[in-house]
Colleague: 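Quick one: this structure, given as structure tokens, is what I'll be asking you about.
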Protein chains: 2
Amino acid sequence: MTKDVRKIKTERDIQTAFLELLTTRPFTKVTVSDICQKSLTSRSTFYSHYLDKYDLLDRIVTYYQTMLVQQLDQNFNQMVAGDLESLIHKVIIAMAPHRRAIQILFTVHEPHVDLKESFRQLLHTEWRHYIQKQGPIHEVPVELIADMGTSMHMTLIEWVITHGTDSLPAVIESISIIRKAILLQIDESQPSP
Amino acid sequence: MTKDVRKIKTERDIQTAFLELLTTRPFTKVTVSDICQKSLTSRSTFYSHYLDKYDLLDRIVTYYQTMLVQQLDQNFNQMVAGDLESLIHKVIIAMAPHRRAIQILFTVHEPHVDLKESFRQLLHTEWRHYIQKQGPIHEVPVELIADMGTSMHMTLIEWVITHGTDSLPAVIESISIIRKAILLQIDESQPSP
DNA sequence: TGCTGACTGTTCGAAAGGCAACAATTAAGC
DNA sequence: GCTTAATTGTTGCCTTTCGAACAGTCAGCA
């Protein structure tokens with residue numbers, strides 16, 4: 001039931017060629033022929049793997065979407081109460097090996113396929129759940145805090161995607177003040193630095 | 001009569017996998033199975049392209065040998081009298097794109113397959129011809145000067161292979177003094193710096 | 001000495017990919 | 001509006017690659 005290596009290889013070749021091409025021109029200007037030429041595959045083979053270039057894009061984007069969902073699920077379950085720090089850290093570490101691909105896909109904004117936007121939505125949902133689990137709050141609207149958390153989170157992800165994980169500990173440390181300020185809005189017992 | 005792209009692809013995959021493996025262990029310890037595993041090709045395919053791993057090594061090495069021969073031939077013909085500088089420069093520039101592969105192959109020393117050694121011999125022949133063309137010399141043995149020139153040339157090539165071409169002009173400039181000193185042995189009319 | 005495991009080199013049917021040709025659609029320029 | 005060129009999907013035949021099995025070689029070892 002495992003795939004023939006040839007399938008794995010051609011899909012790998014097609015996908016990396018596709019991503020490379022996206023660094024040279026926008027998605028609309030990338031043709032199937034371009035992809036085949038660069039990946040050294042024939043068009044008939046391309047169409048035996050994908051419906052068209054939209055399908056290709058969709059599948060790659062879906063792959064990273066589910067990767068993020070799995071990471072969030074997994075780490076959310078074993079999360080010690082309130083330890084948002086380690087959740088953020090783990091998710092980012094898991095993503096780091098794919099940072100080039102994600103960086104490229106973040107530039108693609110097609111009507112129904114937008115990795116950056118779906119990342120934002122996933123994180124937003126996660127934040128809303130998190131805030132609501134912390135108990136009822138009165139002073140500030142939940143949505144606002146969720147927006148704030150999501151923004152912070154996305155900014156961090158984008159930073160790591162473009163700069164790598166070398167300075168990650170320092171970066172997380174420096175934004176911890178902001179994070180704590182956000183969390184203070186929903187939990188008065190949260191200790192300050 | 002042009003090759004099927006599949007052949008080109010598998011040979012490319014096999015060769016790059018092979019070179020990568022050579023960076024982790026010596027040639028003797030690299031098995032055909034290793035190469036196939038890394039390159040995602042089956043052993044039956046490997047043997048339909050190469051007789052064995054020695055044949056593979058041999059073909060890659062031969063490729064770079066002929067590349068050097070062609071470069072030398074080509075530039076030796078259009079060489080302005082005495083303009084050794086530009087010959088050296090052109091040869092090195094042509095080699096630069098392959099520096100990683102050459103660097104790896106320079107570490108392999110098999111009985112009948114040794115890229116570094118054959119580079120040295122090629123350059124040595126070239127230097128001997130060059131010296132003899134400059135007219136008869138009396139004081140110093142031709143072989144000694146050819147040895148000196150070859151050493152200098154090989155050192156320069158190795159330097160570029162490991163450090164890249166960024167500082168090439170500066171490096172060539174700084175060794176020009178040595179080169180001129182060598183050339184002074186065979187041609188009294190050679191102007192000094 | 002004989003056993004074992006790893007590697008070699010070869011074989012063959014089945015699966016995948018390449019190539020070339022095709023009609024159909026789209027975009028650009030005159 | 002018409003023409004031309006480029007791109008898209010699709011098809012059938014042919015070539016290459018895969019995978020798994022096989023016997024043969026060799027080194028280490030009990």
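Keep in mind that this is a model prediction, so the values were computed, not measured. Chain letters run A, B, ... following the sequence lines, proteins first, then strands; residues in each count from 1.
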Colleague: How are the rings of A:His163 and A:Trp159 set relative to one another: parallel (under 30°), tilted (30 to 60°) or perpendicular (over 60°)?
Modeller: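 Answer is parallel, since the angle falls under 30°.
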Colleague: Can you tell me if A:Ser33 and A:Thr31 form a side-chain donor-acceptor pair at under 3.5 Å?
Modeller: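 No, no side-chain donor-acceptor pair sits under 3.5 Å.
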Colleague: Using atom CG of B:Asp4 as one end and atom P of D:dT15 as the other, report the distance to the nearest whole Å.
Modeller: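 Spelled out: CG on B:Asp4 to P on D:dT15 is 10 Å.
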Colleague: Residues from residues 19-53 of chain A sitting under 4.0 Å of DNA chain C, heavy atoms only?
Modeller: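 A:Leu40, A:Thr41, A:Ser42, A:Arg43, A:Ser44, A:Thr45, A:His49, in order of number.
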Colleague: May I have the distance from A:Ile8 (atom CD1) to C:dA15 (atom C1'), rounded to whole angstrom?
Modeller: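 After rounding, the reported distance stands at 14 Å.
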Colleague: In whole Å, I'd like the distance from the OH atom of B:Tyr54 to the C1' atom of C:dC7.
Modeller: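 Those two atoms, OH and C1', are 12 Å apart.
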Colleague: Taking atom types as modelled and ignoring hydrogens, do the side chains of B:Glu11 and B:His49 form a donor-acceptor contact shorter than 3.5 angstrom?
Modeller: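 Result is yes, a qualifying pair exists.
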Colleague: Look at the side chain of B:Arg6 against the base of C:dG17 and say whether a donor-acceptor pair falls under 3.5 Å; ignore hydrogens and angles.
Modeller: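 Checked by distance alone, the answer is yes.
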Colleague: Centroid-to-centroid, B:Phe119 to B:Phe106, below 6.0 Å?
Modeller: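 Yes.
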Colleague: Can you tell me if A:Gln37 has over 12 outside heavy atoms packed within less than 6.0 Å of its CD?
Modeller: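 Not buried by this count: 12 neighbours or fewer within 6.0 Å.
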Colleague: In terms of side-chain geometry, is the basic nitrogen of B:Arg59 or B:Asp55 positioned less than 4.0 Å from the acidic oxygen of its partner?
Modeller: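 The answer is yes: the pair qualifies as a salt bridge.
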Colleague: Between atom NZ in B:Lys9 and atom C1' in C:dA16, what is the gap in whole Å?
Modeller: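 In whole Å, C:dA16 C1' and B:Lys9 NZ are 11 Å from each other.
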